[in-house]
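Report on the structure given below.
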Amino acid sequence: MHRILSDESLDSLFRTACRDPVWLDRPVGDTLLRALWELVKLGPASEAGSPARILFIRSNEAKERLAPALPPDSRAAVRNTPVTAILASDLGAAADGALAGDEARPRALAVRDGALRGGYLILAARALGLDCRPIWDFRPTAIESTFFAQGTAVATFLCCLGYGDDAQLEPNRPRSGGDGACQIL
């Protein structure tokens with residue numbers, strides 16, 4: 001791939017994308033969620049990466065099951081969003097291949113790959129016209145025991161998804177790291 005995306009595409013993905021949207025009362029359909037999955041699963045991960053899983057939380061009952069794993073401000077965000085994606089990494093093959101005495105390594109690799117996949121999820125969702133509110137502050141083990149069979153997956157990232165109200169959107173503001181944040185040596 002040796003082409004640059006259009007300015008309109010770059011705006012959608014980065015420049016005018018909203019970080020904390022006010023959600024419209026507009027459902028996100030199953031076809032769009034499946035298309036999102038099809039894009040996310042294409043993103044690269046580490047060589048030893050575990051297969052990704054996404055669980056889309058849409059019903060009020062499922063949102064209430066998720067709530068105890070979240071701080072209060074994130075609980076409100078999840079209750080008010082059309083869909084919340086739980087991104088997890090399957091531990092099956094990675095746990096089976098763990099070296100003796102290194103049982104923590106598969107979980108650490110899953111968390112690392114999950115952070116990378118969280119970025120893919122945001123970009124793919126924005127590319128498909130959705131707004132996103134990432135959630136990093138949550139209790140993974142509470143999510144895992146509630147939504148995944150014990151020990152089969154590591155919850156690594158949550159993201160509220162839906163359609164933001166353009167009249168109330170505040171675009172992302174650049175986050176400067178100071179003069180030395182970007183260097184070419």
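The structure displayed is predicted, hence computed values, not measured ones. Numbers here simply count residues along the sequence, with the first being 1. Keep in mind that the numbers below use all heavy atoms, side chains included, and drop hydrogens, waters and symmetry copies.
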Side-chain H-bond candidate by donor/acceptor type, Ser9 with Ser6, under 3.5 Å: yes
Could you list the residues that satisfy side-chain hydrogen bond (donor to acceptor under 3.5 Å, both in side chains) with [X], not counting sequence neighbours?
{"X": "Ser89", "result": "Arg117"}
{"X": "Ser59", "result": "none"}
{"X": "Arg34", "result": "none"}

I'd like to check the side chain to side chain contact (heavy atoms under 4.5 Å, CB included) partners of [X]; sequence neighbours left out, ordered by chain and number.
{"X": "Asp7", "value": "Leu10, Arg15"}
{"X": "Asp25", "value": "none"}
{"X": "Ser74", "value": "Leu70, Pro71, Arg133, Ile135"}

Kindly list each side-chain donor-acceptor pair under 3.5 angstrom involving residues 139-149, sequence neighbours excluded, with atom names and distances?
| residue | atom | partner | partner atom | Å |
| --- | --- | --- | --- | --- |
| Arg139 | NH1 | Pro68 | O | 2.6 |
| Glu144 | OE1 | Arg107 | NH1 | 3.2 |
| Glu144 | OE1 | Arg107 | NH2 | 3.4 |
| Glu144 | OE2 | Arg107 | NH2 | 3.0 |
| Glu144 | OE2 | Ala155 | N | 2.9 |
| Ser145 | OG | Thr141 | O | 3.2 |
| Ser145 | OG | Ala142 | O | 3.2 |
| Thr146 | OG1 | Ala142 | O | 2.8 |

Which residues share a salt bridge (Lys or Arg N to Asp or Glu O under 4.0 Å) with Arg75, sequence neighbours left out: none
Results of salt bridge (Lys or Arg N to Asp or Glu O under 4.0 Å) for Arg79 - residues two or more places apart only: Glu64
Heavy-atom side-chain proximity of Thr156 to Ile86 below 4.5 angstrom: no
Test item: Cys159 and Cys132 side chains (from C-beta on) under 4.5 Å apart, heavy atoms: yes
Closest non-hydrogen atom pair, Asn80 against Trp23: O-CD1, 3.4 Å
For Asp131 against Pro21, the heavy-atom pair lying closest together: CB-CG, 3.9 Å
Over 12 foreign heavy atoms within 6.0 Å of CD, Glu8: no
Value rounded to 0.5 Å, distance of OG1 in Thr152 from CG in Asp90: 6.5 Å
Atom pair CD1 (Ile57) and SG (Cys160), whose distance is rounded to the nearest 0.5 Å: 11.0 Å
Sidechain-backbone polar pair: Lys63 side chain, Thr81 backbone, donor-acceptor under 3.5 Å: yes
Clusters formed by hydrophobic residues whose side-chain heavy atoms approach within less than 4.5 Å: which one holds [X], and what are its other members?
{"X": "Ile4", "answer": "none"}
{"X": "Leu39", "answer": "Leu24, Val28, Leu32, Leu33, Leu36, Trp37, Val40, Ile54, Phe56, Val83, Leu87, Leu121, Ile122, Leu128, Leu130, Trp136, Phe157, Leu161, Tyr163"}
{"X": "Leu116", "answer": "Tyr120"}

Check ion pair Arg58-Asp30 (N to O, under 4.0 angstrom): yes
